[in-house]
Amino acid sequence: QVQLVESGGGLVQAGGSLRVSCAASGRTFSSYTMAWFRQAPGKEREFVARISTNGGSTYYADFVKGRFTISRNNAENTVYLQMNSLKPEDTAVYHCAAALLYGMSAPGSYAYWGQGTQVTVSS
């Protein structure tokens with residue numbers, strides 16, 4: 001069991017940067033694969049990035065490769081998503097999620113979810 005709370009969302013101009021954070025509860029954070037998803041109004045939730053338990057493996061959706069970086073600090077029970085070169089189409093609610101297995105991109109593969117943080121990119 002893990003509880004997740006996102007923070008760091010906000011309004012940023014196109015081309016700018018933003019870092020969102022996800023704080024997890026408990027001592028077992030390091031046992032979980034972590035991922036970021038996003039959902040825009042009227043659209044389905046889509047995979048953004050995932051990171052393995054020790055941070056050794058990462059995987060990104062094609063539309064964010066070269067722009068976004070996922071990282072984690074297990075000592076602080078926190079996962080981050082650094083977003084650079086932001087575009088208006090990146091506007092969405094960004095959710096973090098946790099799973100006990102690594103290698104999946106489908107939302108249904110993740111058992112635990114945060115409430116989300118709004119990221120708005122102005123043109």
Original post:
Are Met83 and Leu11 connected in the hydrophobic side-chain network, where two residues link if heavy atoms are under 4.5 Å apart?
Top reply: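 No, no single cluster joins them.
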Separation between [atom1] of [X] and [atom2] of [Y], rounded to the nearest 0.5 Å:
X	Y	atom1	atom2	result
Gln115	Leu4	CD	CG	9.0 Å
Arg72	Asn77	CZ	CG	9.0 Å
Tyr112	Leu100	OH	CG	6.5 Å
Glu89	Ser123	CD	OG	10.0 Å
Leu101	Ser109	CG	OG	8.5 Å
Ile51	Trp36	CD1	CH2	11.5 Å

**OP:** Provide the full list of disulfide (SG to SG under 2.5 Å) pairs with a residue in residues 47-123, sequence neighbours left out, each pair given once.
**Re:**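 For residues 47-123: Cys22-Cys96.
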Subject >> Contact list for residues 29-77, test disulfide (SG to SG under 2.5 Å), sequence neighbours left out >> reply: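 Not a single pair qualifies under disulfide (SG to SG under 2.5 Å).
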Original post:
Hey, is CD on Glu44 packed in by over 12 heavy atoms from elsewhere, all under 6.0 Å?
Top reply: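 It does not: Glu44 CD has 12 such atoms or fewer within range.
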Using the test side-chain hydrogen bond (donor to acceptor under 3.5 Å, both in side chains), find all partners of [X] that sit at least two apart in sequence or belong to another chain.
X	result
Ser52	Asn54
Gln118	Thr120
Ser57	none

Heavy-atom closest contact ([X] atom, [Y] atom, distance):
X	Y	result
Leu81	Ala49	CD1-CB, 4.4 Å
Val121	Thr91	N-OG1, 2.9 Å
Ser30	Asn74	CB-ND2, 3.6 Å

Return the set of residues passing side-chain contact (heavy atoms from CB on, under 4.5 Å) with [X] (not counting sequence neighbours), or none when no residue passes.
X	answer
Arg67	Val64, Ser85, Lys87, Asp90
Thr117	Glu6, Val20, Tyr94
Lys65	Tyr60, Asp62
Thr28	Ser31, Tyr32

Subject >> Remaining members of hydrophobic cluster (4.5 Å side-chain criterion), Phe37 >> reply: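 Hydrophobic cluster check, Phe37: joined to Phe47, Tyr59, Tyr102, Tyr110, Trp113.
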Original post:
With sequence neighbours left out, which residue pairs that include part of residues 7-26 fulfil the side chain to side chain donor-acceptor pair (under 3.5 Å) condition?
Top reply: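 Every pair satisfying side chain to side chain donor-acceptor pair (under 3.5 Å) with a residue in residues 7-26: Ser17-Asn84.
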**OP:** Under the salt bridge (charged side-chain N to carboxylate O under 4.0 Å, His left out) rule, collect the residues that match up with Glu46, sequence neighbours excluded.
**Re:**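 Applying salt bridge (charged side-chain N to carboxylate O under 4.0 Å, His left out) to Glu46 gives Arg38.
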